[in-house]
Amino acid sequence: MRLLQLSAPDFDLARTLDSGQVFHWENRRAGHVGAIGPKAVYAEQRGERLFFAGVSAKTLARYFSLDHPLAEICRAFPNDPAMSAARDFCDGLRIIRQPRWECLATFITSSMKQVAHIRQMSQALRTQFGARTMIYGSHVYAFPAPARLARATEAELRRCALGYRAKNLLATARLVARGEANLEQWGSLPDDTLRAHLCELPGVGAKVANCVMLFAYERLRAFPIDVWIERVLKQKYFPRKRKVTAQQLRAFCETYFGEHGGYAQQYLFHHARKGGGAQVVRPGVLRYDSPARSR
DNA sequence: CTCCAGGGATGAT
DNA sequence: ATCATCCATGGA
């Protein structure tokens, strides 16, 4: 198969795909296979170029937000040790522009699950209910439309290992399929109104709503606070406080990280999970120190 | 306010 | 092989 090419400076494909935003891409050959909306895609990075097939250069560039002024965004981050370390670690990581329903549905299933589980559920929902296509020798399944999941049963969804999330996903799929929740129309709402609408949906709380705003509505201020981020924030920005309330954290993030807080959050999150020798010493406690030292 | 469902991977023993 | 832990929402 002939691959198309695209210049993609300031972009790290593998890092972006592995940063907890999307859960369906898989490593194949020298690259990655996944779906962008209904289309199967192969993408491979060689230096500052992307070699790809399955979609147009425009679609690929839009999905991976190659138009985001990454250098400028990083320069505007607050200047503190935690943020600087995260920025150095996350070079080329971009916030993906995901399809709205796919992102919402996936993050509803994400509650109380770790990345490996979310991948499994996404995969199960796709193979069970999604349309199958082929790219570069691999099968790829699109994420099922709201109407498709709306006519599934809760038991069928539970068989995709969703547990109690099945009920929430089904209820939300029905609201979206019936047009009572118009995800596309919500794109023009201001941040606070959009967040309030999202939080009305079954299975969507503040954290999931902020993920959807950041990953599917281009709201780069949205700052999802999960346990990883909470630990980082408490440890790095409130080191000698014994009790920090969720309210305090929220207020701090809103002002301190500013206009591109979502990017800052993504970098802190990815650095905490993947880098810097961060490890869980005991429940709720992260340790950062030099990784090479054991034994 | 507290408690807990839910469930499969992950890492420690 | 067993065991504790990870995870966020919603309801009791």
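What you see is a predicted model; the values in this text were computed from it and never measured. Numbered from 1 within each chain, the chains take letters A, B, ... in sequence-line order.
- Remark: A:Gln5 CD is packed, more than 12 non-hydrogen atoms of other residues, nucleotides or ligands lying under 6.0 Å away.
- A distance-only check finds a donor-acceptor pair linking the side chain of A:Arg15 to the backbone of A:Asp91 [under 3.5 Å].
- Side-chain atoms of A:Ser19 and A:Gln21 form a donor-acceptor pair, as typed in the model, at a separation below 3.5 Å.
- Judged by distance alone, the side chain of A:Trp228 and the main-chain N or O of A:Leu268 form no donor-acceptor pair under 3.5 Å.
- The aromatic ring centroids of A:His68 and A:Tyr263 lie less than 6.0 Å from each other.
- Rounding to whole angstrom units, CE of residue A:Met112 and C1' of C:dA4 are separated by 13 Å.
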What nitrogen or oxygen pairs link the protein and nucleotides 10-12 of chain C at under 3.5 Å?
{"from": "C:dG10", "atom 1": "OP1", "to": "A:Gly203", "atom 2": "N", "distance (Å)": "2.7"}
{"from": "C:dG10", "atom 1": "OP1", "to": "A:Val204", "atom 2": "N", "distance (Å)": "3.2"}

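- Cation-pi check for A:Arg250 over A:Phe223 is not met; the charged atom does not lie both under 6.0 angstrom from the ring centroid and within 45 degrees of its normal.
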Might you work through the salt bridge (Lys or Arg N to Asp or Glu O under 4.0 Å) test for A:Glu218 and A:Arg62, ending with a clear yes or no?
CA-CA 11 Å; A:Glu218 301 177 62; A:Arg62 178 163 178 80; 3.2 Å; yes
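- Distance alone, capped at 3.5 Å, is enough to place a donor-acceptor pair between the A:Thr16 side chain and the A:Arg94 backbone.
- Heavy-atom neighbours of A:Glu200 CD from other residues, nucleotides or ligands within 6.0 Å: at or below the threshold of 12.
- In summary, the aromatic rings of A:Trp186 and A:His197 are positioned with their centroids under 6.0 Å apart.
- Of the residues in residues 148-164 of chain A, those placing a heavy atom less than 4.0 Å from an atom of DNA chain B are A:Arg158, A:Gly163, A:Tyr164, in numerical order.
- A gap of 15 Å separates the P atoms of B:dC4 and C:dA4, to the nearest Å.
- Below 30°, between 30° and 60°, or above 60°: for A:Phe252 and A:Phe257 the angle between ring planes is above 60°, a perpendicular geometry.
- At the heavy-atom level, A:Lys113 lies under 4.0 Å from base atoms of the strands shown.
- The OG1 atom of A:Thr59 sits 6.5 Å away from the NZ atom of A:Lys39 when rounded to the nearest 0.5 Å.
- A:Phe107 and A:Phe23 have perpendicular rings, their planes meeting at more than 60° on a 0 to 90° scale where under 30° would count as parallel.
- For the segment residues 116-128 of chain A, the set of residues with a heavy atom within less than 4.0 Å of an atom of DNA chain B comprises A:Ala116, A:His117, A:Gln120, in numerical order.
- For the C1' atoms, the distance linking C:dA12 with B:dG6 amounts to 16 Å, nearest Å.
- Figure legend: A:Arg46 and A:Phe51 shown as a cation-pi pair, the cationic atom lying under 6.0 angstrom from the six-membered ring centre and within 45 degrees of its axis.
- Taking the centre and axis of the six-membered ring of A:Tyr136, the NZ or CZ atom of A:Arg28 falls outside the cone set by 45° and 6.0 Å.
- Less than 4.0 Å separates DNA chain B from no heavy atom of any residue of residues 215-227 of chain A.
- An OP1 or OP2 oxygen of C:dC7 is reached within less than 4.0 angstrom by a side-chain nitrogen or oxygen of A:Gln114.
- At most 12 heavy atoms of other shown residues, nucleotides or ligands fall within 6.0 angstrom of atom CD in A:Gln185.
- Using P as the reference atom, C:dT5 and B:dC3 are 16 Å apart when rounded to the nearest Å.
- A donor-acceptor pair under 3.5 Å is absent between the side-chain atoms of A:Tyr256 and the main chain of A:Pro78, judged by distance alone.
- Note on ring orientation: taking the six-membered ring where Trp is involved, the planes of A:Phe77 and A:Tyr267 are perpendicular (angle over 60°, cut-offs 30° and 60°).
- Within the 4.0 Å cut-off from OP1 or OP2 of C:dC6, not a single side-chain nitrogen or oxygen of A:Trp228 is found.
- When DNA chain B is scanned 5' to 3' for any atom under 4.0 Å from a heavy atom of chain A, the first and last hits are B:dG6 to B:dT10.
- Counting only Watson-Crick and G-U wobble pairs whose two key distances fall under 3.5 Å, DNA chain C forms stems of three or more stacked pairs at B:2-5 with C:9-12, B:7-13 with C:1-7.
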